[in-house]
Amino acid sequence: MPKIKAVKAREILDSRGNPTIETMITLSNEMSAVSSVPSGVSKGSFEAVELRDQDQGRFKGMGVLSAVKNVNELIGPKLVGMDVLDQKKIDSSMMEIDGTQNKAKLGANSMLSVSCAAVKLGATASSLPLFLYLKQFVQSNSGKKLPIPMFNLLEGGKHAGASLNFQEFLLIPASSKSYPESLRIGSEAYQSLKQILFDRSESTLLADEGGFSPNLATNQSGLKTIREAIEHAGFSYAYDAFIGLDVAANSFLDGNVYKISDRSVAYDSQDLGEFYKVLVTDYSLIYIEDPFSENDLKGWKKIASDLSSKVLIVGDDLTVTNPYRLQQALENNVVGGIIIKPNQIGTVTEAIAVSEIAKFKGLKIVVSHRGGETMDDFIADFAVGIGADYVKFGAPARERVVKYNRLLEIEEELKRI
Ligand code: PGA
Ligand code: ZN
């Protein structure tokens, strides 16, 4: 098997216009693969470190030249000569050089760009579609079913400059729908939401993930508007399509209370839990991500005991694709599903390991992009490869469509094997 000949990184821009890192790996037979990494703004505090230059004279401190240097000068020389198919060795070599718990030395961004490029190149060198190549790293049976897409139609919180506090209002097609049907439902509801907002003289400007960001008075009115959009597009609400929420409650925790526009008085975690109960009943919600802040265990325990039989409760900022955080969530029995974001942990091998433990413990797997993205569609293959139950790639619009469109290709490829 051809060996790794060169590893070269550069600084590029992501969809929010901020710098991110792209790495190309080349083999001795001149085959090559490129991968770039996304970036979050609505982060859990336990995520691995995303290395930024902190040089205020460039990109307001957001530059990634130090991460690029780490790839070119520290990681690259160590990987040259290695077998590209030995992903575990590639990832563990980087972890060795880094030597920290949270990737503070090399940066999870530099490590992940290398890790993903190596996986892509391994697939190319093996003449396999990427998702099939990835399946060999997964013990659990990932089957042939594509994940259910969750479309972010309406955005608030840190992703939008408007009034909604909940970060993502998600349309979730019924599990009986095929992937192409699901994509059509997401797209048609998105277009009808645009029309509804336009007819009401609300803003149709888009937020970070391509969803709309109108100045609606309350979060409940957001839910109502999406329900209307689903019905207006000709679908039966809570039959063809459902609603889910990524609340991202870290972002509106103020001291120890939660401030949202649905009530003038702030909510303590008990009150917020009661509010969720009302929303689940009134809007037949089937999914709630990060309903409480990452440290509000009391809130998480309450919602798990009140609502886990009715709605999938998912950790993102709570669990940050980290085995220790997952372990804690499992011990406290507070989640039914986990978000898997490779850049929260830094290597593909570690992200798969966390997903495998979660799956073994009966959790649903939700593979997610980040708010700041590139045109890299790696995550679509990754989701299918590890047998995810759901994916979140943003709205069915703008640069977000590259991942949704890649799933269309995979759907066809799966029929041929
Ligand atoms: P982020 O948010 O990628 O901007 O951190 C996404 C999420 O919370 O799911
Ligand atoms: Zn989230």
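Order of appearance sets the numbers: ligands from 1, and atoms from 1 within every ligand. In this chain, residues are counted from 1 in sequence order.
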_Whether Asp240 side chain and Phe235 backbone form a donor-acceptor pair below 3.5 Å_ =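 Looks like no, no N/O pair under 3.5 Å.
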*Test Glu47 against every option in Arg370, Lys103, Lys341 by the salt bridge (Lys or Arg N to Asp or Glu O under 4.0 Å) rule and name the one that passes.*
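Between Glu47 and the candidates, salt bridge (Lys or Arg N to Asp or Glu O under 4.0 Å) is satisfied uniquely by Arg370.
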*Apply side chain to side chain contact (heavy atoms under 4.5 Å, CB included) to Lys88 and Phe137, showing your working.*
CA-CA 9 Å; Lys88 281 213 170 95; Phe137 304 124; 5.8 Å; no
Will you find, in the side chains of [X] and [Y], an N or O donor that is under 3.5 Å from an N or O acceptor?
{"X": "Glu22", "Y": "Ser36", "answer": "no"}
{"X": "Gln167", "Y": "Ser251", "answer": "no"}
{"X": "Ser39", "Y": "Arg52", "answer": "yes"}
{"X": "Glu209", "Y": "Asn152", "answer": "yes"}

*Which count of protein N, O or S atoms is obtained for distances strictly below 2.8 Å from the Zn ion (ligand 2)?*
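That number is 3, waters not included.
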*Using the ring of each side chain (for Trp, its six-membered ring), is Phe292 parallel, tilted or perpendicular to Tyr258, with breaks at 30° and 60°?*
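Judged by the thresholds at 30° and 60°, the geometry between Phe292 and Tyr258 is perpendicular.
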*Using a 4.0 angstrom limit on heavy atoms, which residues are close to ligand 1?*
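Within the 4.0 Å shell of ligand 1, which is judged on heavy atoms, sit Arg16, Gly40, Val41, Ser42, His159, Gln167, Glu168, Asp246, Glu289, Asp316, Lys341, Arg370, Gly371, Lys392.
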*Should we say atom NZ of Lys177 is surrounded by more than 12 heavy atoms from elsewhere, each under 6.0 Å from it?*
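Result for NZ/Lys177: enclosed.
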